[in-house]
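Following: one structure in structure tokens, then a few remarks.
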Protein chains: 4
Amino acid sequence: MAGSSFGTIFKINTWGESHGKALGVVVDGCPAGLSLDEEDIQRYLDRRKPGTGSMTTPRKEDDKVEILSGVFEGRTTGTPISLVIRNTSQISGDYGEIAGYYRPGHADYTFDAKYGFRDYRGGGRSSGRETAGRVAAGAIACKILEQLGIRIAAYTRSIGPVEISMDNFNLETRLHTPSAMPDTSADKKAAAYLENARQNTDSAGGCMECIIEGVPAGIGDPVFEKLDANLSKAVMSIGAVKAVEIGDGSLVAARLGSENNDSFCIQNGVIKKCTNHAGGILGGISDGDTIVVRAFVKPTPSIFRSQRTVDKNGRSIEVQIKGRHDPVIVPRAVVVMECMTAITVLDAMMINMSARMDSLIDFYKK
Amino acid sequence: MAGSSFGTIFKINTWGESHGKALGVVVDGCPAGLSLDEEDIQRYLDRRKPGTGSMTTPRKEDDKVEILSGVFEGRTTGTPISLVIRNTSQISGDYGEIAGYYRPGHADYTFDAKYGFRDYRGGGRSSGRETAGRVAAGAIACKILEQLGIRIAAYTRSIGPVEISMDNFNLETRLHTPSAMPDTSADKKAAAYLENARQNTDSAGGCMECIIEGVPAGIGDPVFEKLDANLSKAVMSIGAVKAVEIGDGSLVAARLGSENNDSFCIQNGVIKKCTNHAGGILGGISDGDTIVVRAFVKPTPSIFRSQRTVDKNGRSIEVQIKGRHDPVIVPRAVVVMECMTAITVLDAMMINMSARMDSLIDFYKK
Amino acid sequence: MAGSSFGTIFKINTWGESHGKALGVVVDGCPAGLSLDEEDIQRYLDRRKPGTGSMTTPRKEDDKVEILSGVFEGRTTGTPISLVIRNTSQISGDYGEIAGYYRPGHADYTFDAKYGFRDYRGGGRSSGRETAGRVAAGAIACKILEQLGIRIAAYTRSIGPVEISMDNFNLETRLHTPSAMPDTSADKKAAAYLENARQNTDSAGGCMECIIEGVPAGIGDPVFEKLDANLSKAVMSIGAVKAVEIGDGSLVAARLGSENNDSFCIQNGVIKKCTNHAGGILGGISDGDTIVVRAFVKPTPSIFRSQRTVDKNGRSIEVQIKGRHDPVIVPRAVVVMECMTAITVLDAMMINMSARMDSLIDFYKK
Amino acid sequence: MAGSSFGTIFKINTWGESHGKALGVVVDGCPAGLSLDEEDIQRYLDRRKPGTGSMTTPRKEDDKVEILSGVFEGRTTGTPISLVIRNTSQISGDYGEIAGYYRPGHADYTFDAKYGFRDYRGGGRSSGRETAGRVAAGAIACKILEQLGIRIAAYTRSIGPVEISMDNFNLETRLHTPSAMPDTSADKKAAAYLENARQNTDSAGGCMECIIEGVPAGIGDPVFEKLDANLSKAVMSIGAVKAVEIGDGSLVAARLGSENNDSFCIQNGVIKKCTNHAGGILGGISDGDTIVVRAFVKPTPSIFRSQRTVDKNGRSIEVQIKGRHDPVIVPRAVVVMECMTAITVLDAMMINMSARMDSLIDFYKK
């Protein structure tokens, strides 16, 4: 089906393969009048780009974005914004041999099962490069949210066994550490851990977290369009994510009600929750508190040691994967999570505007 | 927004409040020619009904379903199936006083924030009773999947600290234990744990798991309509769920790639994964293996002890919740998870039918 | 597919067959806080009910609507409104024999071709009775539009060769004439024409028109969600409609540009069009002028004379249709057109609220 | 809203302005395995290009399409196909002055009313150039339909008062006449009529018709997703279309039932309609006969004579439009109608594949 669209009012449609000519996204439903240029988007794409050192792939793509439509004299016009990123560094030769067999942990087999064949070069559409379009679109959502007073930030919480410590937590730091951890000390440990994994021709997984501050109470719709349900879909749709949590997540299962309930109290004359086990969402609707989402990411499936698998003729074989791969996905996926979360929250906020008769009357009869 | 619909081709639209006249669902897009009667649906609704003993609420609803349309001479006609369940046991008097304040852990506050007021009786639309419509619809999806050779089963994995043991695992058992655990020994321990919680005017959370066997490889669509992304949304949309996992879930974050990759091998001439850390989904598409989904459920927020909160005029108060409430949500939510999962998988299978040119040609030119 | 839903934010889902137990609709996305009771809806359903005399079927249904959810203490809550109308006067015996053959001009053959069989009683889901759900939902949309200062009215423009005259035009009159014509003189001629058709065991077609006043400029979205495109779909989806026009409709094809262009001018300090050939929509977006939609309806296919057709075993036969049928569809379809138009316009207005950055900022930062 | 998408399974998302850098479309949900290259698409775009002589604008765009994704080794992969057409001949200077006023018959005013400002160059997104994306996408739909044995063809039926004659009708001819008429004699008369209009600084409207042969009975879904309802939306969404008809269209309104009903009969052992007043659709579902759709197009609003209008400061002015404009829209819109119709029919056929239980069982259990 048409699985490459996301959102109802603020809707994105990504396209492109790892080793095709280009990747991109069409953002439809962006409100008119937002000041926007390529630099606003490039800043986010640069966070997704491979860095240097042990944490990232040696493939270097410029990921230079071009705005082809929807912006006029520096402002969005309300019509679709088409964003294109040309691929410049693809080396398809690396992938010739994987055409014939199924890499463990990859989508090679399932794409063949579904479509009968696949663009095998670099994983085609199932490559992590697919997320470039999400990030380009998300940069726009983030800019809009910022103007609505909403702050959104994702970061690495753990890589392998190395977790960040709240004692060292500094949100800005995540933009500068190779691991995207908001803790320089943990970042160094993560680097050592990854260097070791790489030397063992192995790879690592990790956890990323996104916090959203300033979302007013009342966002999200009951039953199936709950804000947490849509956030889960948004985040689980990022390749390699295998678990999603809201607030205290899986920990709640072992708690007593008296421990887990967040009491309401009054702070500065405003109704607040005294604690935030719920992660800012009650009954699928934002409660005004910080929204907390967490995602658990599997280790990069491409590892440079011999693995058993089968070829497409059904013969057991040993393979040795080549190519350029990140030893851990998390540091580059953090901005993808931030962007998917932003798109989800913004769309819910736009939908929410007609939830009450008095809002309609205010809007149309003033 | 219109948040009460789910699905693209097999689409459900639920409606109804805890203490309104009735609840129900419209199932649109059900294939024509399925043999269906009320008994097929009642069987699932009965699994959702409160049981006896310490695990469930004393509120007793018959939950008797009536088919109002879409079935003719015992078979579905392809047109919408309207299912209605009359409420018979609502005692609104229990809820009069909660109109004025916000119960901790409930959606009272967020509904007021969104809509300006709410149907406070029994939680209104945010009540667990809302899931009756999901189960009625899911019973139909389950019957269709069965005819396609797919077996789907959800069960309780843990309640508070009590977990099932794989040594005692018997899937059928889940239909008979009050806890919906597939392990009679764990079930007894869970009952004791809950009895203790209840005596302490407290409540418990837990974990539920759903396994789906027989789904062919190739189901789910890349990027945003990934099977795991839609399963996450489906399951996270169930009230009180705070975390969702696919396959080994959050455990993958601490693993090495060499531990987590599932090798492919040949079994009986067919391509299989040798292990199933992935939980039956690779790149968002089913791989032919058992699909494993897990959900973590918070403790019932209604506890019968004094709690601090605020009233809608912004005054701090102490409240003592009354009414009839389950001490744990999981045993009755298990069938809801089974149903939401069934609807998601069936919809993805229907969408998948046009994924290839040769399928279209076979269908229309044979 | 799930073809029984319409709308994006204000979304309706109808269900029910002509001779089933009941018909109904779920209205999801209705703004909270609208005062609503069954009488508001009944008033519209009564306009759809068969009248007396030569223009309508002798089948008499009470069409008594019941609100099952979504309204609390006299106001909508923002959650789905479920409306049910029980069938009370179905006489299935009339239809036993049509199970085996295909009535000319009806959907018997196409339902069989699609689904393999059909609920043949009274046309099942393809009966005009299906529109009861649309009208029940549309009554709510109309009430909301009224509160936004929008007046919407559909009426009969012609029946067979009998057309209304603008000289006699009185909008209120349409609510009292059996033909739904806003012209008592034409109404009488139409009655005579229909009486004659009936005596000849024949039936008539006609044209209906809907005008919407007070829609602000700016409603509708470019390209595929144009207001006129959605109005066309809404109106063409009413059974028996074979043509739809906006403004001057098909007449424009033979005009010169200089005749057809509407100049802009200033009236009372406001920008207006000096003429309204465009019917209130330019580039798919409302221009502030009266919106004009027209629909052409085929003659009732059920006529009480012998007709040639085939049975489902592929044999040529002569048939004589029985049952109770309107000699013309238009007078009862007029309120259906009014309702579908109202739903379309309201949905577009709700969607439009987030079209500009300054609207978002006003809404969320005030 | 996100108004630039169309379709459910076969979904297109167009983007681009008349005088922006480029225009394009993302086609998502195209079945895998279709042989496709740029030439397949270029052939359709070339039919949309301005021709020579009196019927078309002097603006000459190459409209050279580039496939950026979704095709691998000459076949579609099932992933989104991104198509881009660079603008090369835009002369924005022509449009500087229209920034400040509202051209009669154009969407300038409504875009400003909706969005607060607009990309005024060449009409921006409301330009006829927007349809390039539709045609590029439609070329793919047409190629798929061809492989399913379906023939689809649109042509000009009339320009101003000049109508084609069935005596001269030759479908292939439409591809060679400047008017896109399937009648060389009418084509010459139309050319003379247009030359005269042009000399009078005026423009003309017309009627276009699309016929679709080979669609099996059973396509389209009851109630709101009727095939004729979706065709109406598809065709009415083309700029300048003001009326849509199915089959005999508005003529049916004045007929008797006995004249309008199509009897069924047996031809070569197959059930057929003896006549086709219905235009191949009964109850919103295809009946196996030729589908006939007609669209009435207003005269080009840009005429080169003085017109009264207002500027955006609300002052009455006289304007003289410059730029390059077709004297009639129809000849170039014919291929757009063909493409929109193809997309609609194909999408309905893909959706139809899961309408029956036996289809699901055949597909998944064979």
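Both backbone and side-chain heavy atoms feed into the values below; hydrogens, waters and symmetry mates do not. Proteins get letters first, then strands, A, B, ... in listed order; numbering begins at 1 in each.
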| field | Distance-minimising heavy-atom pair for A253(C) and F296(D) | value | CB-CD2, 3.9 Å

| query | Which answer fits N313(D), side chain, backbone, both or neither, if we ask what part of it has an atom under 4.5 Å from a heavy atom of chain C? | reply | neither

| task | State whether K233(C) and E225(D) are salt-bridged, where the test is any N-O pair (Lys NZ or Arg NE/NH1/NH2 against Asp/Glu carboxylate O) under 4.0 Å. | result | yes

| request: Give the minimum heavy-atom separation between M236(C) and V244(D), together with the two atoms involved. | output: CE-O, 4.1 Å

| note | OG (S250(D)) and NZ (K242(C)) are apart, to the nearest 0.5 Å, by 12.0 Å

| note | Residue from V330(D), D262(D), I246(D), V297(D) scoring the most non-hydrogen pairs under 4.5 Å with chain C is I246(D)

| Among the listed options S4(C), G279(C), S302(C), S126(C), the residue most often paired with chain D at heavy-atom distances under 4.5 Å | S4(C)

| Side chain, backbone, both or neither: which part of R294(C) has a non-hydrogen atom closer than 4.5 Å to chain D? | neither

| message | Within the structure provided, determine whether D248(D) and K298(C) are in side-chain contact (heavy-atom separation under 4.5 Å). | response | no

| query | What residue, out of A278(D), S316(D), G284(D), G283(D), has the most heavy-atom pairs lying under 4.5 Å from chain C? | reply | A278(D)

| request: Work out which heavy atom in A113(C) is nearest to a heavy atom in A217(D); give both atom names and the distance. | output: CB-CB, 3.7 Å

| message | Under a 4.5 Å cutoff for heavy-atom pairs, which residue among G105(D), S263(D), A234(D) has the most contacts with chain C? | response | S263(D)

| query | When only pairs under 4.5 Å are counted, which of G220(D), A348(D), G269(D) shares the most heavy-atom pairs with chain C? | reply | G220(D)

| query | Taking all atoms of both residues into account, what is the closest heavy-atom pair of Y193(C) and A254(D), and its distance? | reply | OH-O, 4.5 Å

| task | Check P222(C) against Y115(D) and note the closest heavy-atom contact, atom names and distance. | result | CD-OH, 3.2 Å

| request: Give a yes or no answer on whether the side chain of D202(C) reaches the backbone of L256(D) with a donor-acceptor pair at less than 3.5 Å. | output: no

| query | Roughly how far, to the nearest 0.5 Å, is the CG atom of N261(C) from the CD1 atom of I303(D)? | reply | 5.0 Å

| message | For D112(C), which atoms come within 4.5 Å of any heavy atom of chain D: side chain, backbone, both, or neither? | response | backbone

| Interface moiety of N13(C) toward chain D, non-hydrogen atoms closer than 4.5 Å | neither

| So, K226(C) side chain and S237(D) main chain: donor-acceptor pair closer than 3.5 Å or not? | yes

| said: Show the nearest heavy-atom pair for residues R255(C) and P299(D), with the distance to one decimal. | reply: O-CG, 3.2 Å

| query | Given the options S158(C), S5(C), G288(C), A2(C), which has more heavy-atom pairs under 4.5 Å with chain D than any of the others? | reply | S5(C)

| message | Counting heavy-atom pairs under 4.5 Å with chain D, which one of A107(C), C274(C), P301(C) comes out on top? | response | P301(C)

| request: Tell me, out of C207(C), G206(C), A197(C), who's got the most heavy-atom pairs with chain D below 4.5 Å. | output: G206(C)

| Is chain C contacted by the side chain of M353(D), its backbone, both, or neither, given a heavy-atom distance below 4.5 Å? | neither

| said: For a side-chain contact (heavy atoms from CB on, under 4.5 Å) check, start with the C-alpha distance between H106(D) and L282(C), then their side-chain angles and the critical distance, and finish with the verdict. | reply: CA-CA 6 Å; H106(D) 279 281; L282(C) 282 170; over 6 Å; no

| request: Under 4.5 Å heavy-atom distance to chain D, tell me which part of F117(C) shows up: side chain, backbone, both or neither. | output: neither

| task | Please check if any side-chain donor atom of T110(C) sits under 3.5 Å from a side-chain acceptor atom of D287(D), or the reverse. | result | no

| query | About how many Å separate CD1 of I266(D) and OG1 of T309(C), when rounded to the nearest 0.5 Å? | reply | 8.5 Å

| Proximal component of M357(C), with respect to chain D [non-hydrogen, under 4.5 Å] | neither

| said: Let's test your reading of the structure: which of A204(D), S258(D), A240(D) forms the most heavy-atom pairs below 4.5 Å with chain C? | reply: S258(D)

| task | Can you measure from CD1 (I219(D)) to NZ (K114(C)) and round to the nearest 0.5 angstrom? | result | 5.5 Å

| query | At a heavy-atom separation under 4.5 Å, does S359(C) approach chain D through its side chain, its backbone, both, or neither? | reply | neither

| said: Using a 4.5 angstrom heavy-atom cutoff, name the option from N352(D), L227(D), I351(D), I271(D) with the most pairs to chain C. | reply: I271(D)

| remark: One option among I317(C), V252(C), T14(C) has the most heavy-atom pairs under 4.5 Å with chain D, and it is V252(C)

| task | Identify which of F6(C), Y101(C), Y109(C) forms the greatest number of heavy-atom pairs closer than 4.5 Å to chain D. | result | Y109(C)

| remark: Rounded to the nearest 0.5 Å, the OG atom of S232(D) sits from the CG atom of N230(C) at a distance of 11.5 Å

| said: How long is the straight-line distance from CZ of F224(C) back to CD of E130(D), given to the nearest 0.5 Å? | reply: 6.0 Å

| message | What part of T201(C) gets within 4.5 angstrom of chain D, counting heavy atoms only: side chain, backbone, both, or neither? | response | neither

